[in-house]
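In the text below, chain A, chain B and the rest are named by the order of the sequence lines, each starting its count at 1. Values in this document were obtained by computation on a predicted structure and should not be read as measured data.
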Amino acid sequence: MDESRPEVMLADVVEASRAVAATHSRTAKTQALADLLTRCTPEEVGTVVSHLSGVLPQRRLGVGFRSLRDLPEAAQTPTLTVLEVDAAFERLASAHGTGSTASRRSELRTLMSRATSAEQQFLRDLMTGNLRQGALDGVVLAAISTAYAIPAATVRRAAMLAGTAAEVATLAATGGHRALEEVALVVGRPVRPMLAASAKTTGEAAESMGGGGLIVDGKLDGIRVQVHRRGGEVSVYTRSLDEITDRVPEVVEAVAALPGGDLVVDGEAIVLRGDGRPEPFQVTGARTASSADLAGLQARMPLTTFLFDVLHVGGRDLLDESARVRHEVLLDLAPHLLVPRLLTDDRAAAEQFFADLVAAGHEGVVVKDADSPYAAGRRGSGWIKVKPVHTLDLVVLAVEWGSGRRVGSLSNIHLGARDPATGGFTMVGKTFKGMTDEVLAWQTKRFTELAVDGTDGWVVPVKPEQVVEIAIDGVQRSSRYPGGVALRFARVLRYRDDKTAADADTIDTVRGLL
DNA sequence: TTCCGACAGTGGGGTCGCAAT
DNA sequence: ATTGCGACCCCACTATCGGAA
C-alpha cells in the first residue's frame, strides 16, 4: 500500500460526479469513476463507491428533502475528506430514532457549513437519493471492473452475492480478482433477488423463452421474502435486502419447520381471507410494515407463506441449477408451501392457468424458462410476468411541470373521472408514465392552450376537456382523493381526440373496479 | 448494420414510526 | 390527537448506450 497517497477529498468525489454527469457516454462515465477509485485506499473505496452510486452506507439517516431546504452558508474552500463525511453520516444515523432531532439538526449544519457550494449540492442530492449523474449501481460496478482489471461478469456476480457495490469494491481493493471469484452465497447474507421482465400475454412471454419447457407461477400480490435458515436461526429479507424477521413470525415459523439443515428460499408473504382468496395489497402492506402489537396483527391479518424458489439447501448452492432442478428440490423440501404452479410446454394450458389465477383473485402469473438459472439481481428474460390490464378514458384536470430531463415540459397529469351527479370531475390519480418525447411535446403545447388562471405555479390547472386513455393494474381505496379511490400504476396509452369529456368514464365505473 | 439487453431516470399510491405541534 | 417527514412496500414505462448478432 502506498503510505504517501493523499486522502481522498469530498471535492474529488464531487468532481468525479460532475465529470460523469457531463457526458452521455457510459464508457466515459465508467472511466471517470475508475480513475477516482484507483486513487482510493481500501479504507476509502467502500465509502467512495457507495456515495458515487447514490447509496448511503448507513441506509437511513432520518434526513430528507425537507430538512435540507435551508442550508448554512457554504465554505469557500474544500476541506472535507470522504472519511469525515462518512463519520458525520454515521453520527446522523445513530442519532436517528433517539428523539434527538436537535442534535441531528446541529450535526447536519456542522457538516454542511464545512462544505463548499458544490459539495453542499452533492451531499443534498446524495441524502435525498437524487444524484442524477447518469450512473448508479450498474455503471459503478463497471468502474470497479475497469479500476481493478477484473472481468465485469465476475464483479457483477460478486455484487449479486455480496449485496452492495461498496462491499465488492473493498474486496477488489484488498484481494483483487481472486477475492471476487471467491465470493459465494453465504447463508444469512441476503442475495439480490431475481426480477422479472413483463409481457402482455402468456403467449408473448413463452415466445421469448427457449421453448424447452415452462414453469408458470401464480403472481401473488404480497411482499417478496428471501428467507435464510442458518444453524436453525431464521432471517427474513425484503426485495431491497432489508431485514424484516421480527415483523413476520409466521414466515419464520413456516421455514423453521422445514426439514434438513441450512437453506435459502425465495417466496411471497401475503394475507389471505378466510375463504383463501387474497386480501388487497394494502392489507398485506399494512400488516408487514407494522411491528407493534404483533399478536393482535397475527390474529387479525395472518400471513401465509408461499415459496417459488430455493437457492441453497444443506450446503448445496442451487443458483446455477436450472429452474427445473430447483423446482424438484423445492417440491421435496416444502410441497405444502409451493406457490400455485404449472409445469407445461403447452401455451394454451399456460393461458388457461393465467385465467384461472386471475379468477381466483391473484395478480397474474410469472412465466419462467425451466432451463434458466437463478439470475440474481437481474431482470433477465428468464422470468416474465403477465398481468391483466384495465383501461379507462379519463379527463386531464391539471398538469405539473417536469424535472430533470423533463424540465420545460408539462409532465405529470392529474386524472379525473366524470361525476354525473354534479356534472363535474373527481380526481382519482396522476401519471407521468407511458409518454414518449413526442407525446410530451404535444401535451406541453396542448395543455398550455387549455391552461386556466393560476398557471404560474408548479401545478397548471387546465380546462377539463382533454380525454386520455389510461391503463391501470387496478384500483385501491384512498384517503387522499375525494372519490375515495385511487388508480394503481396508471400510465398513458394515448390521447383520445375522438372523445369529449362527456364521453369519459364515470367515478362509479372506477369504484366498480375495487 | 441492425437489434436488443441493461441502465438510469421520472415519478405514482399507501402505510408505518416518530417527533413536533 | 393530529400533522409532517422519512423510509420503504408495491411499481410502469421510455430513452440511451454499447455489445451481440
Side-chain angles (χ1 to χ4, degrees), chain A residues 20-21 23-30 53-54 56 59-69 96-102 104 127-142 152 156 195-198 208 221-225 238-242 244 247 268-269 280-292 297 363 375 377-381 385 387 389 400 402-407 409 411-415 428-440 470-481 485-493:
Chain A
V20 165
T23 175
H24 291 295
S25 161
R26 281 194 200 141
T27 35
K29 288 177 192 284
T30 301
S53 57
L56 291 161
R59 293 200 71 113
R60 64 176 69 183
L61 248 42
V63 176
F65 182 79
R66 208 60 199 237
S67 359
L68 290 162
R69 213 167 34 172
H96 181 50
T98 61
S100 60
T101 300
R104 288 212 332 279
M127 284 189 267
T128 57
N130 280 301
L131 218 46
R132 301 187 192 201
Q133 59 185 8
L136 293 172
D137 194 67
V139 176
V140 168
L141 290 179
R156 270 204 306 274
L195 306 174
S198 56
S208 64
D221 198 5
I223 69 155
R224 184 86 176 256
V225 285
T238 65
R239 189 187 122 139
S240 56
L241 310 189
D242 284 296
I244 53 164
R247 285 185 257 158
E268 193 89 1
F281 173 75
Q282 279 167 306
V283 174
T284 296
R287 165 60 214 273
T288 54
S290 181
S291 51
L297 288 173
E363 241 195 319
R378 312 185 72 173
R379 203 178 286 276
S381 53
K385 59 185 160 188
K387 299 192 277 187
V389 171
E400 296 176 19
S403 67
R405 76 181 294 280
R406 291 194 179 184
V407 162
S409 292
S411 174
N412 199 3
I413 59 177
H414 295 199
L415 303 166
V428 290
K430 308 180 193 179
T431 185
F432 56 90
K433 294 177 199 161
M435 297 151 184
T436 61
D437 286 358
E438 192 183 358
V439 168
L440 274 171
I470 296 292
I472 55 170
D473 279 19
V475 161
Q476 53 195 343
R477 289 183 202 291
S478 173
S479 56
R480 171 184 317 204
Y481 289 114
V485 289
L487 309 179
R488 192 161 181 222
F489 310 142
R491 59 269 189 190
V492 169
L493 291 179

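- In terms of modelled atom types and a separation under 3.5 Å, the side chain of Lys29(A) and the main chain of Val20(A) share a donor-acceptor contact.
- Gln282(A) has a side-chain polar atom (N or O) that falls below the 4.0 Å cut-off from OP1 or OP2 of dT15(B).
- Partners of Arg26(A) by salt bridge (Lys or Arg N to Asp or Glu O under 4.0 Å), not counting sequence neighbours: none found.
- Arg156(A) has its CZ atom 8 Å from the P atom of dA6(B), to the nearest Å.
- Arg132(A) is linked by a salt bridge (Lys or Arg N to Asp or Glu O under 4.0 Å) to nothing, counting only residues two or more places apart in sequence or in another chain.
- Look at CG on Leu415(A): it is 13 Å from C1' on dG13(B), rounded to the nearest Å.
- Using Watson-Crick or G-U wobble geometry with both donor-acceptor distances under 3.5 Å, dA20(C) finds its partner in dT2(B).
- Between Asn412(A) and dG12(B), a side-chain N or O to OP1/OP2 separation shorter than 4.0 Å is present.
- Listed candidates were dA8(B), dC11(C), dG12(B). Nearest to the side chain of Val139(A) is dA8(B).
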_Under 4.0 Å protein heavy-atom contacts per nucleotide of nucleotides 13-21 of chain C, with B for base, S for backbone only and - for none_ = SSSBBS---
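- Proximity of Lys29(A) to the phosphate of dC7(B): no side-chain N or O atom is located under 4.0 Å from OP1 or OP2.
- A donor-acceptor pair under 3.5 Å is absent between the side-chain atoms of Ser67(A) and the main chain of Val63(A), judged by distance alone.
- Spacing between atom CG of Leu487(A) and atom P of dG11(B) amounts to 18 Å, rounded to whole angstrom units.
- Nucleotides of DNA chain B nearest to Gly404(A) and Val485(A) differ in position, and the one nearer the 5' end is that of Gly404(A).
- Remark: side-chain polar atoms of Arg104(A) are paired, donor with acceptor, to backbone N or O of Gly62(A) under 3.5 angstrom.
- Comparing dA12(C), dG13(B), dC16(B) by their nearest atom to the side chain of Ala289(A) picks out dC16(B).
- Computed from coordinates, the Asp137(A) CG to dG9(B) P distance equals 12 Å when rounded to whole Å.
- Scanning for salt bridge (Lys or Arg N to Asp or Glu O under 4.0 Å) contacts around Arg406(A) gives an empty result, with sequence neighbours left out.
- Per the geometry, CG belonging to Asp473(A) stands 6 Å off P belonging to dA12(C), to the nearest Å.
- Here Ser25(A) pairs with Thr27(A) under the side chain to side chain donor-acceptor pair (under 3.5 Å) rule; sequence neighbours left out.
- Remark: Asp137(A) engages Arg192(A) in a salt bridge (Lys or Arg N to Asp or Glu O under 4.0 Å) (not counting sequence neighbours).
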Give every pair of a protein N or O atom and an N or O atom of nucleotides 6-10 of chain C that lie under 3.5 Å apart, one pair per line with the distance.
unit_1, atom_1, unit_2, atom_2, d
dG6(C), OP1, Gly64(A), N, 3.0
dG6(C), OP1, Gly64(A), O, 3.4
dG6(C), OP1, Ser67(A), N, 3.1
dG6(C), OP1, Ser67(A), OG, 2.3
dG6(C), OP2, Arg66(A), N, 3.1
dA7(C), OP1, Leu61(A), N, 3.2
dA7(C), OP1, Gly62(A), N, 2.9
dC8(C), OP1, Arg60(A), NH2, 3.3
dC9(C), OP2, Thr238(A), OG1, 3.0
dC9(C), OP2, Ser240(A), OG, 2.5
dC9(C), OP2, Asp242(A), OD2, 3.2
dC10(C), OP1, Arg224(A), N, 2.9

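- As judged by a 4.0 angstrom heavy-atom cut-off over every strand, Ala490(A) is placed among residues making no nucleic acid contact.
- Each of dG17(B), dT15(B), dA19(B) was ranked by its minimum atom distance to the side chain of Ala292(A); first place goes to dG17(B).
- Taking atom CG of Leu141(A) as the reference point, atom C1' of dA6(B) lies 12 Å away to the nearest angstrom.
- For Arg477(A), there are no side chain to side chain donor-acceptor pair (under 3.5 Å) partners, not counting sequence neighbours.
- Separating the CG atom of Leu440(A) from the P atom of dG9(B) is a distance of 17 Å, rounded to the nearest angstrom.
- Under the side chain to side chain donor-acceptor pair (under 3.5 Å) criterion, Asp242(A) pairs with Arg59(A), Ser240(A), sequence neighbours left out.
- When the side-chain nitrogen and oxygen atoms of Thr101(A) are compared with OP1 and OP2 of dA20(B), one or more of them lie within a distance under 4.0 Å.
- Protein atom NZ of Lys387(A) is 7 Å distant from nucleotide atom C1' of dC11(C), rounded to whole Å.
- At the phosphate of dT10(B), neither OP1 nor OP2 sits under 4.0 Å from any side-chain N or O atom of Ser411(A).
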